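Per chain, numbering begins at 1; letters A, B, ... match sequence-line order. All values reported here derive from a predicted model rather than from experimental measurement.
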Amino acid sequence: MADLSVNFAGIKAPNPFWLASAPPTNSGYQIIKAFEAGWGGAVWKTLGVPTINVSSRYGAVNYGNTRMAGFNNIELISDRPLVDNLREMEEVKKHFPDHAVIASLMVDTREQWIQIIKDVENAGADGIELNFGCPHGMCERGMGSAVGQDPVVLKTIVEWVMDAAKIPVITKLSPNISHITDPGLAAAQGGTDAISLVNTFKSIVGIDLDSFAPYPVVDGKGSNGGYCGPAVKPIALNMVKELAQHKDINHLPISGIGGIETWRDAVEFILLGATSLQVCTAAMHYGFGIVREMEAGLTKFMDERGYNTIYDFAGKALPNVTEWKNLNLKYNVKAEINEDKCVGCDLCYIACDDGAHQAIALPLDGSRIPSIIEENCVGCNLCSLVCPVEDCITMVRTDDGKEKVTWQELTDKDEIPNTFNDARAGGNGHYVPEPSKALKIK
Amino acid sequence: MAEYKRPTTQEEFDKNFKLKKPLMNDTEAFYESSRCLFCYDAPCVQACPTSIDIPLFIKQISTKNVEGAAKTIYDSNWLGNACGTVCPTDVLCVGSCVYNHQDVQPLQIGRLQNYATKNVINSDKQLYKPRKDNGKKVAIIGSGPAGIACASELRLLGFEVTIYEAKEKPSGLTVYGIAPYKITNEEVLDEVQYLQNQLGFTIKYSSPISNKAQLELLERTHDAIFLGLGIGATASLKMEGENLENVIGAVEFVEELRMKQHLIEVPNKVIVLGGGNTAMDAASEMARLGAEKVYLAYRRAKEDMGAYSFEYDLAVSAGVEGLFNCSPIEIVGDGTKVTGVKFIKTSTKHGILRPLEDTEFILDCDMVIKATGQAKQKIFTDLIDDLELDRKSRIIVDEKNNQTTNPKYFAGGDIINGGAEVVNAVYDGKLAAKGIHQWLTK
């Protein structure tokens, strides 16, 4: 049976599923409830400078009948008195000494950092997370993402913190930046024990078409919020990968955050190098019970493959994430339609004809079962992605796997196409219908 | 003309008795599982007698952890596959789905359940291993749902288990007593075989326990005994003409139907007496067998019937005609065979049923099916010392652990509840196993 326990930069927890610093970790009551439900750790909602919150704080992107595919908030850090939070933190640790309780912090001056670190250490926190991420409100006061976007300031504060802290320090990064490796490197150079990412993305989830104000609307106005939820996972995964592949950063453990909701999401983050996982939106949507699905799925995945701990497969996908120039140009797949499964929606046909490479034909007998024009199919996957039937369109490899050539190799051999009408370019000779074929009246 | 043509081949029989809940394909399961809201403290779980964590297994299906979904089901219910098919889900889990409140189709929980359980049964996936032998032996009388569930749970706890079964096949009424359009024989037997493969309990077929000496031997050689005998043959109507040829009990008819299928003899005109679910089943089945006319006669009003309304609707849709407020007073015949039933019309005032004077009439038929209740196993239960029964001859048990008043005996299923659903029996069996474990290890 798989052992899910983790030791993340010295912070121990029974499993890698932690609640991210957010509304679900606003109180000791919530955190104890979460631990009872099976979460392995919790990052306390950020403690720090005093704030006042607005009413109407969250907005969502619903995609079809899927609610909260994306989610944003304009809530600030904890607005509860520090003394209450510290007292509750102490109580949580008393009940759950083996679970990870991490204090997320956001203050301004060096003196404030030193004082608050001492306070949370005294309350029994197992670690500290530096909130350099919030892209709304706090950044206007020079904190949160304002720090995360300025590697020099970030490094300085990390140095202050490392000087003062006796417990492990995680630096949480903002994704609102061109190169995540810049703040990542600054955090590493500042001496952080670990990195967590991503915090939320600057966002406007929608505009109220009556009041012309962005959601969430506060008295006829709105502000950009921090975007999260399943919709941000792909961007978060890439950023985790960027740090995990960086030679001057990847000695640090990474706590992966961004749209984690299912066991599959969890495994993906771990495969890209994360060794703890932080979740917020899924808990806000479904309650703490959602961890049951993640834990059961992760355990089964590990048992099936004989992994004893998550460290047995952490980062295993990293060697396979490479630059485009290293991909095999001889690899070739073609779409195959299972006629027995096809329901005749013809989405694949129109997607290919309008949106891709005109490689699907409709039958002349009106039967609606389309067929692949093999010589036109470039293997783009689009038809298999739009097909609403499981395993109806599959992409089948057609090259024999013996030949391999990459753009890099062609470049090295000076064999890349280098004029605009070079015969060696990829689309040369590929069939495209005559433009006039699209005319309604010929 | 009857709705259904008389089946003369297995193929025609299968067509008439087409499964009401066919197996879902991958696409259907994906769409359906994606609709689940993952309700908190979900009403469907509350409605399930075995408290299956339904939102969790549905979420697991949607995240392609189908084996995990099956494990979630079997963790609560040892006959998860049979129950997914034969449970009256419309009045249990599906009936309580919150979508019902907004006139949206409720989740097809039973079919999703079967999607998961069939997957592991077909691949013979080992989900459980018996615990190390604890040196204790338990005898189980009856291999119906209660007995199988009890055996499975006991094996998991390390007991040696032998089931004594009077018939030639396991599963009790699941094989012998359920309408063939709900589940096939093969499907029932496959699940028992699947459990047996993993858990290794022994079933001794054609081994009825029917006398004191046999019971005393079991008592000497076993640490505990579980009674899962169900209830007996159709009870007598105590009415003139009952012994005529072609006057049969519903339980016996269904059993003959399940075993003989299309080879069963079909009469032209049938009168089914009763207003419970068994009466609905028998009437529906007769109609599907192509009997020209099937009457369902009930002595009280339609709304007083014990049957679920969807079961009555199903019978009507198969061509059954309901006769209400008609009480049978005599079964008439030609000396050897039945030729009709003499009824008297009734009315109910203040809950009391009164026959109406001078309203007798005879309805012709060539078969009568009595679906008016089953006899209790009183002759058997009298063999056991100190076993207390209630006034309806049901074994009295402690509802915490299903222990009878003779501490060595535990009981579950129809023998304690007088006749209920498969799912209730499964719950009883598991509860008794835990009770036996606690009693023998305290």
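The local environment of CD in B/Gln126 is crowded, with over 12 non-hydrogen atoms from other residues, nucleotides or ligands closer than 6.0 Å. Annotation: A/Tyr29, atom OH; neighbour count of heavy atoms from other residues, nucleotides and ligands within 6.0 Å does not exceed 12. The environment of A/Glu336 atom CD is sparse: at most 12 non-hydrogen atoms of other residues, nucleotides or ligands sit within 6.0 angstrom. No more than 12 heavy atoms of other residues, nucleotides or ligands lie within 6.0 Å of NZ in B/Lys137, so this atom counts as exposed by the packing criterion. Counting heavy-atom neighbours within 6.0 Å of A/Tyr63 OH, excluding the residue itself, gives a total of 12 or less. More than 12 heavy atoms of other residues, nucleotides or ligands lie within 6.0 Å of CD in B/Gln46, so this atom counts as buried by the packing criterion.
The ring-ring contact (aromatic ring centres under 6.0 Å, His included) test applied to A/Phe301 returns A/Phe313, not counting sequence neighbours.
When each of A/Glu304, A/Arg67, A/Glu390, A/Glu261 is checked for heavy-atom pairs under 4.5 Å with chain B, A/Glu390 comes out on top.
Neither the backbone nor the side chain of B/Asn25 has a heavy atom closer than 4.5 Å to any heavy atom of chain A. With a 4.5 Å cut-off on non-hydrogen atoms, B/Phe30 touches chain A through its side chain but not through its backbone. With a threshold of 4.5 angstrom between heavy atoms, A/Asp265 does not approach chain B through any atom at all. Within the 4.5 angstrom heavy-atom criterion, no atom of B/Lys71 approaches chain A.
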Exercise. Go through A/Ile290 and B/Lys59 one step at a time and tell me if the side-chain contact (heavy atoms from CB on, under 4.5 Å) criterion holds.
Key: CA-CA 9 Å; A/Ile290 195 70; B/Lys59 188 94 189 163; 3.8 Å; yes

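Using a distance-only test at 3.5 Å, with no hydrogens or angles considered, a donor-acceptor pair links the side chain of B/Tyr31 to the main chain of A/Pro388.
The CD1 atom of B/Ile61 sits 11.5 Å away from atom CD of A/Glu293, with the distance rounded to the nearest 0.5 Å.
Smallest separation of non-hydrogen atoms from B/Asn65 and A/Lys300: OD1-CD, 2.9 Å. Considering every non-hydrogen atom in both A/Arg292 and B/Asp53, the closest pair reads NE-OD2, 2.9 Å.
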